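Just so we're on the same page: letters track the sequence lines, and every chain starts at 1. Atom set for the values below is all heavy atoms of this structure, side chains included, hydrogens, waters and symmetry mates excluded. Only a predicted model underlies this, so the values are computations on that prediction, with no experimental measurement involved.
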Protein chains: 2
Amino acid sequence: MGIIRKTQSVALLLNEFHDQTTAVSVIELVKRFRAKINKTTIYRVLDKLEDDGVLHSFLGKDGNKWYAKCAGCSKSKHTDLHPHFECVVCGKIDCISVDIQLPEIPNREITSSQLLIQGKCETCHR
Amino acid sequence: MGIIRKTQSVALLLNEFHDQTTAVSVIELVKRFRAKINKTTIYRVLDKLEDDGVLHSFLGKDGNKWYAKCAGCSKSKHTDLHPHFECVVCGKIDCISVDIQLPEIPNREITSSQLLIQGKCETCHR
DNA sequence: TTATATTTGCAACTCAGTTGCATTAACATC
DNA sequence: GATGTTAATGCAACTGAGTTGCAAATATAA
Ligand SMILES: [Zn+2]
Ligand SMILES: [Zn+2]
Ligand SMILES: [Zn+2]
Ligand SMILES: [Zn+2]
């Protein structure tokens with residue numbers, strides 16, 4: 001079930017997602033809003049925003065949860081399927097808006113997938 | 001640092017990896033060996049076997065750790081890079097030995113990647 | 001057999017994420 | 001603007017996978 005009331009927590013959290021490509025970890029959000037929003041609320045609001053097709057979530061290399069803005073998703077379905085790039089130097093994760101080529105797997109019906117790529121980002125590259 | 005002594009724990013655990021394609025979760029191994037091996041030992045032995053290039057690990061959709069046999073890896077490097085297929089019905093995970101096509105990402109240096117695919121396996125398909 | 005270093009078990013811990021419940025606040029209606 | 005309803009929030013306690021420190025056990029070499 002998604003968001004029904006436009007509360008302060010929702011406004012504050014949404015404001016942290018500036019563009020379509022930069023992901024933010026829940027751990028980071030809990031830290032940032034330590035004084036303003038309870039961590040339970042943060043988890044619940046993010047979960048609802050994902051239900052609404054406003055944000056999408058995925059797990060980083062360490063298994064922690066990250067969120068990023070969706071592009072063109074709705075309550076009914078998340079159409080925004082793309083890989084994520086995690087910088088091994090600075091730790092940030094970006095959405096990479098390219099189509100990924102899934103392999104053919106005989107006798108299996110694919111419903112979803114996640115591709116997480118590690119490496120050095122544009123900033124940490126040189 | 002890898003395995004140095006061939007202990008009973010190592011033998012028991014290795015014996016759980018029957019073929020090159022079936023992965024086993026650590027949670028499952030801890031359950032199976034509840035009476036015989038301490039969970040700390042299980043985590044440590046698996047970690048060493050990965051260092052040795054005998055097993056490789058990855059995270060399932062829920063972020064829990066899974067291990068599977070390597071094919072042609074060594075202490076010095078894990079060359080066995082492949083996607084994993086997680087059945088949404090029965091929960092098992094298989095190694096899929098196909099080459100994956102990573103997207104071109106400008107200005108970024110890729111060092112590693114993980115592709116996890118969900119769907120219905122051969123058994124749960126129909 | 002003895003010495004030595006690795007491995008194991010145990011208990012306690014860490015920490016991301018969850019749950020139940022009482023309180024607060026958004027919002028519709030008057 | 002005041003009031004009532006119900007979603008949303010805060011809090012504290014919990015869950016469970018994975019980790020740590022240390023003393024006891026065991027594999028291996030001498
Ligand atoms: Zn970077
Ligand atoms: Zn994304
Ligand atoms: Zn299945
Ligand atoms: Zn594998």
Side-chain angles (χ1 to χ4, degrees), chain A residues 1-16 23-68 75 84 86 91-93 114 116, chain B residues 1-16 23-68 75 84 86 91-93 114 116:
Chain A
M1 186 197 42
I3 296 277
I4 294 176
R5 298 182 180 176
K6 278 163 198 171
T7 65
Q8 226 170 60
S9 303
V10 172
L12 283 170
L13 283 170
L14 269 180
N15 194 44
E16 293 298 304
V24 188
S25 72
V26 180
I27 292 174
E28 174 61 27
L29 289 171
V30 169
K31 256 188 226 147
R32 274 187 211 166
F33 289 108
R34 205 174 347 207
K36 292 190 172 175
I37 316 177
N38 184 273
K39 82 169 171 174
T40 309
T41 302
I42 293 178
Y43 278 101
R44 291 195 274 226
V45 167
L46 294 172
D47 190 51
K48 289 181 177 179
L49 288 172
E50 183 164 28
D51 273 359
D52 285 342
V54 176
L55 300 178
H56 60 281
S57 74
F58 58 93
L59 304 182
K61 185 80 188 298
D62 55 0
N64 293 336
K65 209 162 190 180
W66 289 68
Y67 280 89
K75 267 183 247 299
H84 293 99
E86 180 169 9
K92 76 167 180 174
I93 305 189
Q114 298 84 42
L116 183 65
Chain B
M1 185 196 43
I3 297 277
I4 295 176
R5 297 183 181 176
K6 278 164 197 171
T7 65
Q8 227 170 58
S9 303
V10 172
L12 283 171
L13 284 170
L14 269 180
N15 194 45
E16 294 299 303
V24 188
S25 72
V26 180
I27 293 174
E28 174 62 27
L29 289 172
V30 170
K31 257 187 225 146
R32 274 186 210 165
F33 291 107
R34 205 174 347 209
K36 292 189 172 174
I37 316 177
N38 184 273
K39 79 169 172 175
T40 308
T41 302
I42 293 178
Y43 278 100
R44 290 195 274 227
V45 167
L46 294 172
D47 190 52
K48 288 182 177 180
L49 288 172
E50 183 163 28
D51 274 0
D52 285 342
V54 176
L55 300 178
H56 61 282
S57 74
F58 58 92
L59 304 182
K61 185 80 188 298
D62 56 0
N64 292 335
K65 208 162 192 182
W66 290 68
Y67 280 88
K75 268 184 246 299
H84 292 100
E86 179 169 9
K92 75 166 181 174
I93 305 188
Q114 299 83 41
L116 182 66

(request) Using a 4.0 Å heavy-atom cut-off across all strands, classify B/Val30 as base, sugar-phosphate, or nothing. (result) nothing
(request) Look at the side chain of B/Thr40 and decide which nucleotide, out of D/dT19, D/dA12, C/dA16, has an atom nearest to it. (result) D/dT19
(request) Answer yes or no: is there a donor N or O on one side and an acceptor on the other, between the side chain of A/Gln114 and the main chain of A/Phe58, under 3.5 Å? (result) no
(request) Check the distance between C/dA16's P and A/Ile42's CD1 and give it to me in whole angstrom. (result) 12 Å
(request) Determine yes or no for a side-chain-to-main-chain donor-acceptor pair under 3.5 angstrom, with B/His56 supplying the side chain and B/Ala68 the backbone. (result) yes
(message) Name the residue from A/Val24, A/Val26, A/Leu49 that meets the side-chain contact (heavy atoms from CB on, under 4.5 Å) definition with A/Tyr67.
(response) A/Val26
(request) Can you check whether any acceptor in the base of D/dT28 is under 3.5 Å from a donor in the side chain of B/Arg5, or vice versa? (result) no
(request) To the nearest Å, give me how far apart CG (A/Asp52) and P (D/dA8) are. (result) 10 Å
(request) May I ask you to test the A/Ser25-A/Asn64 pair for a side-chain heavy-atom distance under 4.5 Å? (result) no
(message) Strictly distance-based, threshold 3.5 Å: is any side-chain N or O of B/Glu16 a donor or acceptor partner for the main-chain N or O of B/Leu29?
(response) no
(request) Round to a whole Å and report the spacing from NZ of A/Lys36 to P of D/dA8. (result) 21 Å
(message) I need the CZ-P distance between B/Arg34 and D/dA17, as an integer number of Å.
(response) 12 Å
(request) Starting at atom NZ of A/Lys48, determine the distance to atom C1' of C/dA26, rounded to an integer number of angstrom. (result) 12 Å
(message) Of the listed nucleotides (C/dT8, C/dG17, C/dG9), which one gets closest to any side-chain atom of B/Ser9?
(response) C/dT8
(request) Starting from the 5' end of DNA chain D, give me the residue, B/Lys65 or B/Thr7, whose nearest nucleotide shows up first. (result) B/Lys65
(message) So if I take every side-chain heavy atom of A/Lys39 and compare against C/dA16, D/dG18, D/dA8, which nucleotide ends up nearest?
(response) C/dA16
(request) Assign each of B/Arg44 and A/Val10 to its nearest nucleotide of DNA chain D by heavy atoms, then name whichever residue's nucleotide is nearer the 5' end. (result) A/Val10
(message) Using the side-chain heavy atoms of A/Thr41, tell me which of these nucleotides is nearest: C/dG17, D/dG10, D/dT19.
(response) D/dG10
(request) Send over the distance from B/Asp62 CG to D/dT15 P, rounded to a whole Å. (result) 19 Å
(message) Counting only side-chain heavy atoms from C-beta out, which of D/dG10, C/dC27, D/dA8 sits nearest to A/Asn38?
(response) D/dG10
(message) Rounded to whole Å, please give me the gap between CZ in B/Phe33 and C1' in C/dT8.
(response) 15 Å
(message) What is the distance, to the nearest angstrom, from the CD atom on B/Gln8 to the C1' atom on C/dT6?
(response) 16 Å
